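Down below is the structure, laid out as structure tokens.
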Amino acid sequence: MSIGYACLTVGVPNTDMKNCLLKNADEEKLTQLIEHNLSALQHIINYNVANEILLFRISSDIIPFGSSPVNTLPWKNLFQQELQIIGESVKRAGIRVSMHPGQYTVLNSPDQGVAKRAVDDLMYHSDFLDSLGVDGTSKIILHIGGAYGDKKVAIKRFAQRYKDLDECIQRRLVIENDDKTYHIGDVLELGFSLGVPVVYDNLHNQINYCDQRKDDFYWISQCRSSWKPRDGKQKVHYSQQNPLKSAGSHSESIAIDEFLDFYLRLGESQPDIMLEVKDKNLSALKCINCTTQKRNIKVLELEWSKYKYAILEKSPKDYKNIRELLKDKSTYPAVDFYRTIDHAYGQGLFQGNIVNAALHIWGYFKNLANNEERKRFFSLLQRYQENDGAIAPVKRFLFRLAEKYKQEYLLMSYYFL
DNA sequence: TGACGTCAAGATCCG
DNA sequence: CGGATCTTGACGTCA
């Protein structure tokens, strides 16, 4: 069983994706962007390898306008070497990659143009995975599409369009329940009739359910046999509701207790779990470290080095508690560790704590910074304290100092996110 | 016609 | 002028 995250990282250098507007998408621009994005992807994969994150969704934006007629670049040939090298690192590390066209790729549309673009888009995703040389367990996850006033007819149209797809797409295609139209019952029925594996998404099911009496584990076990050996391990999508946003919005971070409750009740089945969450790799590491058999406290110490100033800023009490928690090197208190981090992030922000954390960071530069920098720092801090200002400028300045004075320890801190 | 969701580009504002 | 912040774009469906 692997746990992974989707598309982007937070706090990892050189992993940002670039894009452009349609009107600017000429050959030169696209070449630059693809070159940049493939380099970013290589950095992401390297990060995943270093952190033993073995499940990852590649962004559909990796090749800008990848399925649009404006992109006439023969990118597979132009970047054959880069693609192959990325594919080799993926395979060497045993990482399972996937892709997920968004809600605007609609295979079952009555509009022929829309459907044709959906097929082109699936072909682009398939081409990309093929270009990495990854096998059929690297999936393309798709939603069924619209209802158009008659779900039965719309499902039939999906089935027909599926049968007309190229085999290279079919071997990778997986369908998923959505939060509006096709609940898990619909998707399972279609999946079994077509022989297509089904990804169960818990949050979508919470909003758009088939049967309120059935829980996540019932549906996950129903989906299991839609996955054949050639498809690889069953996959599920897991996310938590953001309490401050509309139904279906993903949470900022995965709350560890809620996740563990879900995870433990999966029992023997152990599907691959794709997290959909704003803090991306951070939550992936959290969930992995709380479920791994390798119980190495050094991993938590490394995590602590990144989290500590963010925690100090939010809750000095939790900061102190975690320091205590990590003292005994013969233990592996991962769950308590992340539980405390979750708690700290859930606290309200207080000016005194925020200033205290900023001064802690400043401590790194006290003897390095010149007079100008010293003046600047304290003036920014004062502006924050006095005029109901924002802390962001203070943090940005501190980050720049960390770059200038090469404070690697600070540069990787989640304090700056 | 605008909301939906997601991200970064582009536009604009500010010192 | 550079950097920070706000708005737009790209996609299709549905109310």
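In what follows, every chain begins at residue 1, and chains take the letters A, B, ... in the order their sequences are listed. Because the structure is predicted, anything quoted here is derived from the model rather than measured.
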*Indicate whether the side chain of A:Ser109 and that of A:Asp111 have a donor and an acceptor atom separated by less than 3.5 Å.*
no
*Quick one: sort the A:Phe378 and A:Trp362 rings into parallel, tilted or perpendicular, breaks at 30° and 60°.*
perpendicular
_Under 4.0 Å, counting only non-hydrogen atoms across every strand here, what does A:His250 touch: a base, just sugar-phosphate, or nothing?_
sugar-phosphate
*So what does A:Lys278 touch, heavy atoms closer than 4.0 Å: a base, only the sugar-phosphate, or nothing?*
sugar-phosphate
*How sharply is the helix from B:dT1-C:dA15 to B:dG15-C:dC1 bent, taking the axes over five pairs at either end and rounding to 10 degrees?*
70°
_What is the separation between atom CG on A:Asn24 and atom P on B:dA9, rounded to the nearest whole Å?_
11 Å
_Tell me the interatomic distance from A:Glu276, atom CD, to B:dT6, atom C1', rounded to whole angstroms._
12 Å
*Protein-nucleotide distance (A:Ile62, atom CD1; B:dA8, atom P), rounded to Å*: 12 Å
*Inspect the contact between A:Arg339 and A:Asp336 and indicate whether a charged nitrogen and a carboxylate oxygen are less than 4.0 angstrom apart.*
yes
Would you be so kind as to tabulate the donor-acceptor pairs closer than 3.5 Å made by side chains of residues 73-88 of chain A, with sequence neighbours excluded?
unit_1  : atom_1 : unit_2   : atom_2 : d
A:Lys76 : NZ     : A:Asp127 : OD2    : 2.9

*Does the pair A:Asp279/A:Lys286 count as a salt bridge with the N-to-O cut at 4.0 Å?*
no
_Within 6.0 Å of NZ in A:Lys406, more than 12 heavy atoms from elsewhere_ = no
_Any residue meeting side-chain hydrogen bond (donor to acceptor under 3.5 Å, both in side chains) with A:Tyr200, in chain and number order, not counting sequence neighbours_ = A:Asn205, A:Asp216
What protein N or O atoms touch nucleotides 3-5 of chain C N or O atoms at under 3.5 angstrom, if any, and at what distances?
unit_1 : atom_1 : unit_2   : atom_2 : d
C:dA4  : OP1    : A:Arg396 : NE     : 3.3
C:dT5  : OP2    : A:Arg396 : NH1    : 3.4
C:dT5  : OP2    : A:Arg396 : NH2    : 3.1

*Between protein and nucleotides 10-15 of chain C, map the contacts as a letter string: B base, S sugar-phosphate only, - none, heavy atoms under 4.0 Å, written 5' to 3'.*
SBBSS-
*Charged N to carboxylate O below 4.0 Å: is that the case for A:Asp121 and A:Arg117?*
no
*If the plane angle is over 60° it's perpendicular, under 30° parallel, otherwise tilted; pick one for A:Phe337 and A:Tyr307.*
perpendicular
_Spacing of A:Leu142 atom CG and A:Leu107 atom CG [to the nearest 0.5 Å]_ = 6.0 Å
*asked:* Once you apply a heavy-atom cut-off of 4.0 Å, does A:Lys116 come out as touching a base, just sugar-phosphate, or nothing?
replied: nothing
Check: residues 146-156 of chain A side-chain donor-acceptor pairs under 3.5 Å, at least two apart:
unit_1   : atom_1 : unit_2   : atom_2 : d
A:Asp150 : OD1    : A:Lys152 : N      : 3.2
A:Asp150 : OD1    : A:Val153 : N      : 3.4
A:Lys151 : NZ     : A:Thr181 : O      : 2.8
A:Lys151 : NZ     : A:Asp186 : OD2    : 2.9

